[in-house]
Amino acid sequence: MDPTRSAAPGDTTIIAGVDEAGRGPLAGPVVVAAVVLPADHGLDALDDSKRLTEAAREALFDPIRRMAMAWHIETVSVAEIETYNILQATLRGMQRAVRALEPAPGHVLVDGNRTPDLVRPCRAIVGGDGLEACISAASVLAKVYRDRLMVAMEARYPGYGFARHKGYPTPQHRERLEALGPGPEHRRTFAPVRRLLEPELFD
C-alpha cells in the first residue's frame, strides 16, 4: 500500500498528534500517522490503540479520517530502518508525516519521549496516546494501517504467521523464523534475526 493523505482547510491554531506502530517487531515497516482533529470531533471512543480491541480500532479508522482536518500515514521501510536504525528511521517518518499535513500545524504533540526535528514547536508526551485525542487518533490510524500491511504480507510470504503476530517476536514467530530463516521483510539488524544470519557473533 502507498502512504495516503487527506486534508481540509484549518485555522492558525492547528495542533497535530503524531504516533507510530511497529517499532518492536522483527519484521515489516514502521508506520507513522499524523492527525489534526477539530475541537468538536465527537470521537468519544478514542483511546490509546493498545487499549482498544482490534474491532474498536477498525471501527474508528474511517471516522477519524472523515472528521480530521488533516491526516497523513507514512510507511518507514525495512531498508530505511536498517540504514538509519529504528529510532532515527522512526523520527524521519514522523518528519515526513508532519510535513505532508495541509494545512500545516502550528504545534505538534508526539507520543513518547523523543521528538523529530521540525521547524515548528514540538512536544513529546509519555503516554500521550492515552491523554491527547489527536495522538490517540494517530495511534489508531498507524496501528490499523500497519496491521493491514502485515496481513497482506502473510499472503506474499506465507509460513511466518504475519497475519497473526504482525511481526512481533512472539514464540510462534521465533519458531517459524528458526524453521524458515529470515525473509525479505525481516529486520536483519535486530538481534534475533542477526543471530540466525551471523551466529558466530553471538558465540
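For the atom pair CD (Glu102) and NE2 (His72), the distance works out to 13.0 Å, reported to the nearest 0.5 Å. Between the CD atom in Glu20 and the CD atom in Glu74 there is a gap of 13.5 Å [rounded to 0.5 Å]. From Arg99, atom CZ reaches atom CZ of Arg96 across 9.5 Å, with rounding to the nearest 0.5 Å. Rounded to the nearest 0.5 Å, atoms OH (Tyr145) and OG1 (Thr75) are 4.5 Å apart. Put simply, CD on Glu132 and CG on Asp111 are 10.5 Å apart, with the number rounded to the nearest 0.5 Å.
Judged as a salt bridge (charged side-chain N to carboxylate O under 4.0 Å, His left out), and not counting sequence neighbours, Arg123 has no contacts. In this structure, the salt bridge (charged side-chain N to carboxylate O under 4.0 Å, His left out) partners of Asp47, at least two apart in sequence or on a different chain, are Arg51. By the side-chain hydrogen bond (donor to acceptor under 3.5 Å, both in side chains) test, Glu58 is found to be paired with Arg148, residues two or more places apart in sequence or in another chain being considered. For Lys166, there are no side-chain hydrogen bond (donor to acceptor under 3.5 Å, both in side chains) partners, not counting sequence neighbours. Residues passing the side-chain hydrogen bond (donor to acceptor under 3.5 Å, both in side chains) test with Thr189 are Glu82, sequence neighbours excluded. Applying the side-chain hydrogen bond (donor to acceptor under 3.5 Å, both in side chains) rule to Ser136 yields no partners; only residues at least two apart in sequence or on another chain are considered. With sequence neighbours excluded, no residue forms a salt bridge (charged side-chain N to carboxylate O under 4.0 Å, His left out) with Arg176. Partners of Asp62 by salt bridge (charged side-chain N to carboxylate O under 4.0 Å, His left out), not counting sequence neighbours, listed by chain and number: Arg65.
Other residues sharing a hydrophobic cluster with Val78 under the 4.5 Å side-chain heavy-atom criterion for ILVMFWY residues do not exist; the residue is a singleton. Listed by chain and number, the hydrophobic cluster partners of Tyr84 come to none, as no ILVMFWY side chain reaches under 4.5 Å of it. When hydrophobic side chains of Ile, Leu, Val, Met, Phe, Trp and Tyr are connected at separations under 4.5 Å, Leu109 ends up clustered with Ile15, Ile125, Leu131, Ile135.
Residues Thr90 and Val76 fail the side-chain proximity criterion, which asks for heavy atoms closer than 4.5 Å. At least one side-chain heavy atom of Ile64 sits under 4.5 Å from a side-chain heavy atom of Leu46. Between Leu91 and Asp117, the closest side-chain pair of non-hydrogen atoms is not below 4.5 Å. No side-chain heavy atom of Trp71 sits under 4.5 Å from any side-chain heavy atom of Val36. Between Leu87 and Arg23, the closest side-chain pair of non-hydrogen atoms falls below 4.5 Å. At least one side-chain heavy atom of Val98 sits under 4.5 Å from a side-chain heavy atom of Arg120.
One hydrophobic cluster, built from ILVMFWY side chains closer than 4.5 Å, cannot hold both Phe61 and Val32; they sit in different ones. Val18 and Ile14 are members of different hydrophobic clusters when ILVMFWY side chains are connected at heavy-atom separations under 4.5 Å. Ile73 is not connected to Val30 by any chain of hydrophobic side-chain contacts under 4.5 Å among Ile, Leu, Val, Met, Phe, Trp and Tyr, and they are in different clusters. In the hydrophobic clustering of ILVMFWY residues, with side-chain heavy atoms under 4.5 Å counting as a link, Met94 and Leu101 come out apart. Val110 and Val31 are assigned to two separate hydrophobic clusters, defined by single-linkage of ILVMFWY side chains at heavy-atom distances under 4.5 Å.
Scanning both residues, Cys122 and Leu118, for their nearest heavy atoms gives SG-CD1, 4.0 Å. The minimum heavy-atom distance between Val108 and Pro105, with the atom names listed, is CG2-CG, 4.1 Å. When all heavy atoms of Ala16 and Cys134 are compared, the pair lying nearest together is C-SG, 4.1 Å. In terms of heavy atoms, Pro192 sits closest to Leu177 at O-CD2, 4.3 Å. Shown here for Pro103 and Met69, the closest heavy-atom pair between the two residues is CD-O, 4.2 Å. Of all heavy-atom pairs spanning Leu52 and Ala45, the tightest one is CD2-O, 3.8 Å.
Remark: the backbone N or O of Pro25 is paired with a side-chain donor or acceptor of Arg187 at under 3.5 angstrom. Judged purely by atom type and a 3.5 angstrom limit, Arg57 uses its side chain to pair as donor or acceptor with the backbone of Ser49. Counting only distance, with no hydrogens or angles, the side chain of His173 and the backbone of Tyr168 share a donor-acceptor pair below 3.5 Å.
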Could you list the donor-acceptor pairs under 3.5 angstrom formed by side chains in residues 149-160, with sequence neighbours left out?
{"from": "Glu154", "atom 1": "OE1", "to": "Gly161", "atom 2": "N", "distance (Å)": "3.1"}
{"from": "Glu154", "atom 1": "OE1", "to": "Phe162", "atom 2": "N", "distance (Å)": "2.8"}
{"from": "Tyr160", "atom 1": "OH", "to": "Gly181", "atom 2": "O", "distance (Å)": "2.5"}
{"from": "Tyr160", "atom 1": "OH", "to": "Gly183", "atom 2": "N", "distance (Å)": "3.3"}

Candidate pair Lys143 and Asp19, rule salt bridge (charged side-chain N to carboxylate O under 4.0 Å, His left out), full reasoning: CA-CA 9 Å; Lys143 175 63 174 169; Asp19 202 2; over 6 Å; no
